[in-house]
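All of these numbers come straight from a predicted model, not from anything done at the bench. Numbers restart at 1 for each chain; the letters A, B, ... are given by sequence-line order, proteins then strands.
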Protein chains: 4
Amino acid sequence: MKSGEQQAKATAASGGRPRSPRIQQAILNAAVELVLEIGFKSLTIDAIAAKAGVGRMTIYRRWPNKAAIVMEAFVARVDPGTLFLSAKSYAESIRLQMRTMAKAFRGKDGALIRALLAEAQFDPELATALRERWTMPRRRMAIAYFEEGKRKRVFRPDADPNAIIDVLYAPIYYRLQMGTGPLSDAYIDEIFEHAMKGLMKA
Amino acid sequence: MKSGEQQAKATAASGGRPRSPRIQQAILNAAVELVLEIGFKSLTIDAIAAKAGVGRMTIYRRWPNKAAIVMEAFVARVDPGTLFLSAKSYAESIRLQMRTMAKAFRGKDGALIRALLAEAQFDPELATALRERWTMPRRRMAIAYFEEGKRKRVFRPDADPNAIIDVLYAPIYYRLQMGTGPLSDAYIDEIFEHAMKGLMKA
Amino acid sequence: MKSGEQQAKATAASGGRPRSPRIQQAILNAAVELVLEIGFKSLTIDAIAAKAGVGRMTIYRRWPNKAAIVMEAFVARVDPGTLFLSAKSYAESIRLQMRTMAKAFRGKDGALIRALLAEAQFDPELATALRERWTMPRRRMAIAYFEEGKRKRVFRPDADPNAIIDVLYAPIYYRLQMGTGPLSDAYIDEIFEHAMKGLMKA
Amino acid sequence: MKSGEQQAKATAASGGRPRSPRIQQAILNAAVELVLEIGFKSLTIDAIAAKAGVGRMTIYRRWPNKAAIVMEAFVARVDPGTLFLSAKSYAESIRLQMRTMAKAFRGKDGALIRALLAEAQFDPELATALRERWTMPRRRMAIAYFEEGKRKRVFRPDADPNAIIDVLYAPIYYRLQMGTGPLSDAYIDEIFEHAMKGLMKA
DNA sequence: CACTAAGCGAGACGGTACGTCCCGTCTTTCC
DNA sequence: GGAAAGACGGGACGTACCGTCTCGCTTAGTG
């Protein structure tokens, strides 16, 4: 279990028990509901406290700002389970994973990651947290998976897993933020094909 | 050759104009200096007004919020000139352009676009403005250039220029924001190579 | 010769023509209408200018502030003619004059003098103007009239006209401002009787 | 039964209370000092807050505007104690009281009441407050005292206490505001004599 | 099994920035 | 060439949240 990580701030100093996890959960739920309802910018510690039926101090005791709350709520939402499910083929399972991610980004997770990623541009601590708790874990899994792909001779032997990740996944974030078009499965397929086959004439 | 022109300028220097572009410029300059100095989040309309020696109302009369100011300052900075300079080869000139962009993103422009893109996630109007005044013009030029590349048989005939753009450029934005590594020329080359040659084993 | 005094700032009735008296009048009219409509506190130079169809500068060129405008409009309203009309008896004509004044104070003049007197508490120049153009002229006429009353043996020989004025008229201003009761003719009569006959048991 | 008592005690005893009266007092003091120093018109909520070392919201939470603050500061200043001290004779104690009032009006209280009375002309709520917390309490005491005077046969039996008040006291307010002369003891005596003995030839 | 210490809701507090209103000045443009 | 129109620098307004700080109440662990 990973409860220790989540309660890092709360439990650390005092030897005592984690402060009521029910309150914790109520705050996170309220934060997520509100951020989806009124948007991150309009989100207010007051509003979260009110919706959670909690005093403001109870929140400040646990998180330094609203971004940290949404951050924690976000990482609690996403299933840290398997990223790449096996499909017909190795390559196909990558495409599938990309589609799954796009689907998530089309929904609530997209709204949350959009807000977090944006806020992280102004808040180095949030940027670090986002990197450590969202980006890097996934990149590490992807790197492992792509190394396997290299061994399986699906990827070129000179392909750098880090570059593979960026070429395949950066467009998804790009479209999520830029609004140059829908984050549809068709778009995913297009990116996947172009990236895998390359852009040059053979 | 010079006397006539310069006299006209000297005359203009003394008097003000309605919606004086000098004031406009003073505000934009102040905004850029401040955003680079103290960061977009700490930027304040008051501070801009003070630094520009201007009343707050003069600012509010022109822009709805600080993001719009920085937006305008940003688009005024960027040279709307040629995107793709001719290099040794067609493909090489793309790589060159990508490097040029990365270089810009490593500097002040990077700080500005980072802030604007982030703020745009919370502000649909800014998002639209950013798309119309920054993203789309460049995409349109790129599309034209890439269509030419298809005619020149550099790109595969089935390559969609929109997809080409995303695969090549999304990683630059991604790294700008994610902080997964430096936006170095080496990184650009890596992305360029992977994207052009494709990820798959031949 | 005192005509110059009243219009000192606004006109030079003699030589060059007064700056368009039509505009002058339009502004004064607009000011009075507005002050009665929305109150002196809410009155704005902008609003006066707009209602008079006039630029703000045109107003500032003539008066230093809104109080001065209302002041001038007020003194222009009141007929500087005879204060004390002859009635059945000398004393009766005083009572009549007091009633006339009360009646005026119940109407628009009351609203104006109330505002001016109040504003004058904060504005020494307005206080001076009010004293010179409203209070003192009337006091001088009253003093003359009351001196006549002393010669006629209506008033006690040891009665000081200045004190007579205050005892008779101060209650009118008092009630105008305090709201302790209506400024009715009955009230005037009551004050008149008490003041004339005295409060003491005979 | 016992718990209630003890609770009440505990609440009262503890130093800090909600709506701390110390802060209240600091604000009122700051307001009075400032209004006497720079005048009511130049008085600013900001300045009061700064001088009192208090946030603006703390002020806005308690009073709707600066007039209300000065109002409360004013009524807190005035000793609500006995108005009429016994002098050699009944009538003499009235004259004494008038002199006391004039003396107060020559000092800080005069500046305050002048501002409040003026502002009340523009602000019905303040007018009501001023009437209820300053004017009427004093009038009620005066009425009681004057009724006693009628029983003592000092005043005419047909004298209306309300009219007595106005004839005696209105001139004090009048001179306070009009600046037609000093609010000296000599002036008070003059008014007193004229009002008591009456203006008419016997 | 009471008692005490903590966590908690509630919300007042000192601040900062906001966006608005109006001031009084100054410039441009039109009639 | 004077007036309307309105932009300008400035200052105060009243509001919204911030993050900190008491207040009593509730409650749970200890003695």
Side-chain angles (χ1 to χ4, degrees), chain A residues 10 14 16-20 22-23 41-50 52-66, chain B residues 14-20 22-24 26-27 41-50 52-66, chain C residues 19-20 22-23 26 41-50 52-61 63-66, chain D residues 7 10-11 14-20 22-24 26-27 41-50 52-66:
Chain A
S14 60
R17 68 195 155 63
R19 322 179 188 198
S20 167
R22 284 138 67 103
I23 289 176
K41 204 54 172 285
S42 306
L43 187 61
T44 282
I45 299 280
D46 273 85
I48 298 175
V54 141
R56 266 207 306 291
M57 265 316 291
T58 305
I59 294 182
Y60 282 115
R61 214 175 287 129
R62 293 157 206 254
W63 299 277
N65 52 54
K66 66 179 178 178
Chain B
S14 53
R17 297 180 194 78
R19 285 295 170 99
S20 157
R22 287 146 65 100
I23 288 174
Q24 193 99 356
I27 295 169
K41 207 51 173 288
S42 306
L43 188 62
T44 280
I45 300 280
D46 273 85
I48 298 174
V54 140
R56 263 207 309 293
M57 268 316 293
T58 304
I59 295 182
Y60 282 117
R61 210 175 289 125
R62 292 156 203 258
W63 299 278
N65 51 56
K66 64 180 180 178
Chain C
R19 318 186 193 186
S20 168
R22 284 136 67 104
I23 288 177
K41 205 55 170 283
S42 307
L43 187 62
T44 283
I45 300 280
D46 274 85
I48 298 174
V54 140
R56 265 206 308 291
M57 266 317 291
T58 306
I59 294 181
Y60 282 116
R61 213 174 288 127
W63 299 277
N65 52 54
K66 65 179 179 179
Chain D
Q7 301 276 344
T11 319
S14 63
R17 294 182 197 77
R19 290 296 172 97
S20 157
R22 286 145 66 103
I23 289 175
Q24 193 98 356
I27 295 169
K41 208 52 172 286
S42 306
L43 188 61
T44 281
I45 300 281
D46 274 85
I48 299 174
V54 141
R56 263 209 306 294
M57 265 318 292
T58 303
I59 295 182
Y60 283 118
R61 208 175 290 126
R62 292 158 201 255
W63 299 279
N65 51 55
K66 65 179 179 178

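Not one side-chain nitrogen or oxygen of B/R22 sits closer than 4.0 Å to the OP1 or OP2 atom of F/dC8. Put simply, B/R62 has a side-chain N or O that comes within less than 4.0 Å of OP1 or OP2 on F/dC8. B/T58 has no side-chain polar atom (N or O) that falls below the 4.0 Å cut-off from OP1 or OP2 of F/dA7. A sub-4.0 Å separation between OP1 or OP2 of F/dC8 and a side-chain N or O of B/S20 is absent.
For C/V54, counting side-chain heavy atoms from C-beta on, the closest listed nucleotide (E/dA10, F/dT15, F/dA4) is F/dA4. Nearest nucleotide to the D/I23 side chain, out of F/dA4, E/dC13, F/dG6: E/dC13.
Two residues, B/S42 and C/R56, neighbour DNA chain E, and the one matched to the more 5' nucleotide by heavy-atom proximity is B/S42. Where B/M57 and B/K66 meet DNA chain E, the nucleotide closest to each residue was compared, and B/K66 sits on the side nearer the 5' end. Both B/A52 and D/N65 sit near DNA chain F, but only B/A52 has its closest nucleotide nearer the 5' end. The 5' end of DNA chain F is approached more closely, in terms of each residue's nearest nucleotide, by B/G53 than by the other of B/G53 and D/D46.
If you measure from atom OH of A/Y60 to atom C1' of E/dG7, you get 18 Å, rounded to the nearest angstrom. In this entry the distance linking CD1 of B/I48 with C1' of E/dA17 reads 12 Å, nearest Å. Atom NZ of D/K41 and atom C1' of E/dC22 are 13 Å apart (whole Å). Rounded to an integer number of Å, the gap from D/I27 CD1 to E/dC13 C1' is 10 Å. Note: CG (B/L43) to P (E/dG19) measures 12 Å, nearest angstrom.
Remark: the A/R61 side chain and the E/dG7 base include no donor-acceptor N/O pair separated by less than 3.5 Å.
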